[in-house]
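Just below is one structure, and these are the notes that go with it.
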2 protein chains.
Amino acid sequence: MSVREKRRAAALDRIADHMLAHGLADSSLRALAQTAGTSDRMLLYYFAGKDDILVSALGTIATRLGAILHTALGGPCSADPEKVLADMAGIIRGAAVRPYMRLWLEVTILSSRGEEPYRSVAGQIADSFVALVASRLAIDNETIRQATASRVIATLDGLVVLDLVGREHTATLALGVKGG
Amino acid sequence: MSVREKRRAAALDRIADHMLAHGLADSSLRALAQTAGTSDRMLLYYFAGKDDILVSALGTIATRLGAILHTALGGPCSADPEKVLADMAGIIRGAAVRPYMRLWLEVTILSSRGEEPYRSVAGQIADSFVALVASRLAIDNETIRQATASRVIATLDGLVVLDLVGREHTATLALGVKGG
DNA sequence: AAATTCCTGTAGCAGCCGCTACAAAAATCG
DNA sequence: CGATTTTTGTAGCGGCTGCTACAGGAATTT
């Protein structure tokens with residue numbers, strides 16, 4: 001790894017921190033440069049442009065989240081969707097993961113406006129979420145497994161939304177029942 | 001209603017159109033003024049500031065959505081959460097309502113940053129959603145009714161997220177199963 | 001040592017943003 | 001009609017955005 005690549009990676013690490021802490025909206029080049037300990041001028045020397053920075057940092061962030069989830073999901077698989085939902089909700093709604101989910105929703109908004117490269121990025125993240133849940137479901141029928149994983153992800157995303165608007169109580173309530 | 005109030009209301013109507021079509025991010029004072037047929041100068045004459053404009057327009061938008069939902073939800077109530085979920089998903093995922101949900105998610109992001117007045121607004125909207133679903137549920141036990149409504153809303157919000165990232169197929173799949 | 005390439009600071013561009021000072025027009029009132 | 005108040009246009013402020021031209025220093029190569 002060249003010096004340039006090392007510095008690029010180090011900058012990305014700090015930039016990822018900043019994005020998780022402050023969100024996309026507060027991630028101007030100058031702000032990112034400050035937390036990375038450089039100047040906006042240098043950021044644009046290491047990266048092709050702001051989009052390149054953000055997308056690269058989102059990659060770093062996705063890797064981090066993958067590691068967190070992999071560590072936290074140590075238990076056995078289950079055939080019961082409610083069980084998997086409860087397990088994942090416990091992790092995803094925790095303070096450690098919430099910044100990731102907030103960022104994920106911000107990318108969702110950008111994606112919904114059709115803006116590349118965020119549209120592709122958001123789609124891939126959604127797919128990987130579904131795949132992760134599917135890997136936790138001990139269901140033989142593949143079609144049903146995929147559909148169930150989709151359902152669990154939908155509910156999880158909804159719980160995150162409720163948390164973000166300060167309705168943690170409503171989200172917790174939702175976890176206590178089975179239907180709908 | 002004075003002339004001033006009439007013009008204010010007319011401007012709000014056009015502004016609501018613009019916000020639904022282009023989202024919060026593309027709603028600068030100058031852009032809103034253009035669609036309203038005035039100048040940014042006049043907008044700030046009618047309103048206290050940008051926040052006042054946006055929050056007032058969100059009120060108009062909430063009223064519109066309420067009317068849409070009230071009209072579309074003509075059928076009988078049901079004790080089956082899956083039935084209510086499917087009914088509401090059919091409405092909320094439709095092209096007519098999607099702009100409202102996208103806006104709702106944008107407000108959610110603002111809310112999650114703790115910015116008033118969006119934090120309060122988002123919370124109230126979430127509560128009214130839950131109340132609406134609860135009113136469609138023919139469940140006697142009030143505690144279970146509230147919890148079930150919360151669960152349905154969570155799932156609905158999640159479906160919206162999946163739709164916004166271009167995973168309509170995943171969302172539709174999720175509606176086909178019961179668990180999780 | 002000279003020449004070339006790589007790195008980085010300074011300064012600034014053009015374009016937005018929310019908002020406002022000022023003054024002129026228009027409507028209202030005595 | 002004149003005086004006062006309400007409404008509006010013009011112009012611009014200070015600040016932020018992503019990005020870039022230029023130049024000088026540092027490192028590397030010949």
Side-chain angles (χ1 to χ4, degrees), chain A residues 1-16 18-19 21-58 103 106-107 109-111 113-119 121, chain B residues 1-16 18-19 21-58 103 106-107 109-111 113-119 121:
Chain A
M1 191 187 272
S2 68
V3 175
R4 180 192 182 98
E5 283 167 340
K6 272 185 193 167
R7 290 194 183 168
R8 213 185 110 113
L12 273 185
D13 237 38
R14 304 271 214 104
I15 288 172
H18 179 98
M19 285 167 63
H22 300 97
L24 282 182
D26 285 339
S27 292
S28 69
L29 282 183
R30 287 167 174 88
L32 294 179
Q34 190 168 5
T35 64
T38 42
S39 63
D40 55 334
R41 171 69 185 74
M42 287 313 298
L43 247 37
L44 292 170
Y45 180 69
Y46 289 129
F47 300 90
K50 194 187 180 183
D51 280 353
D52 185 25
I53 298 176
L54 294 187
V55 171
S56 302
L58 284 176
L103 212 46
E106 270 193 274
V107 177
I109 295 292
L110 258 43
S111 163
R113 302 172 47 171
E115 293 178 8
E116 289 295 354
Y118 301 99
R119 182 152 189 82
V121 169
Chain B
M1 189 187 275
S2 70
V3 175
R4 179 193 183 97
E5 283 168 340
K6 273 185 192 168
R7 291 192 183 169
R8 212 184 111 112
L12 272 186
D13 238 38
R14 305 271 215 103
I15 287 172
H18 178 97
M19 286 168 63
H22 299 97
L24 281 182
D26 285 339
S27 292
S28 68
L29 281 182
R30 288 167 174 88
L32 294 178
Q34 189 168 6
T35 65
T38 40
S39 63
D40 55 333
R41 173 67 184 75
M42 286 315 296
L43 246 38
L44 291 169
Y45 180 69
Y46 289 129
F47 300 90
K50 194 187 179 183
D51 280 353
D52 185 25
I53 298 177
L54 294 186
V55 172
S56 302
L58 284 175
L103 213 46
E106 271 193 270
V107 176
I109 296 292
L110 258 44
S111 163
R113 303 172 47 172
E115 293 178 7
E116 289 296 354
Y118 301 100
R119 181 151 190 86
V121 169

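These numbers were taken from a predicted model, which means no experiment stands behind them. Below, chains carry the letters A, B, ... as their sequence lines are ordered, and counting in each starts from 1. Only heavy atoms go into these numbers, but all of them, side chains included; no hydrogens, no water, no symmetry mates.
Residues A/Thr38 and A/Met42 share a closest heavy-atom pair of CB-CB, 4.1 Å. The two residues A/Ala36 and A/Arg14 have their closest heavy-atom pair at CA-CB, 3.9 Å.
From the 5' end on, the contacts that DNA chain D makes with chain B at under 4.0 Å to a non-hydrogen atom open and close at D/dT6 to D/dG12.
A/Tyr46 places its OH atom 14 Å from the P atom of C/dC6, with the value rounded to the nearest Å. Regarding B/Arg4, its CZ atom lies at a distance of 16 Å from the C1' atom of C/dT28, rounded to whole Å. Spacing between atom CZ of B/Phe47 and atom P of C/dT20 amounts to 16 Å, rounded to whole angstrom units. To the nearest angstrom, P of C/dA11 lies 18 Å from CE of A/Met42.
Heavy atoms from other residues, nucleotides or ligands lying under 6.0 Å from CD of B/Gln34 number 12 at most.
Under the 3.5 Å distance criterion, the side-chain polar atoms of B/Glu115 are left unmatched by any main-chain donor or acceptor of B/Leu110.
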| Base-contact (B) and sugar-phosphate-only (S) positions in nucleotides 13-19 of chain C, heavy-atom cut-off under 4.0 Å, - elsewhere | ----BBB
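Within the 4.5 Å cutoff, side-chain heavy atoms of A/Met19 are placed close to those of A/Leu58. Side-chain atoms of B/Arg4 and B/Tyr45, non-hydrogen and from C-beta on, do get closer than 4.5 Å to each other.
Counting non-hydrogen atoms under 4.0 angstrom, A/Ser39 reaches the backbone sugars and phosphates but no base.
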| Derivation and outcome, side-chain contact (heavy atoms from CB on, under 4.5 Å), residues B/Leu12 and B/Tyr46 | CA-CA 10 Å; B/Leu12 272 186; B/Tyr46 289 129; over 6 Å; no
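Because its NZ or CZ atom is not both nearer than 6.0 Å to the ring centre of A/Tyr118 and within 45° of the ring axis, A/Arg113 does not count as a cation-pi partner of that residue.
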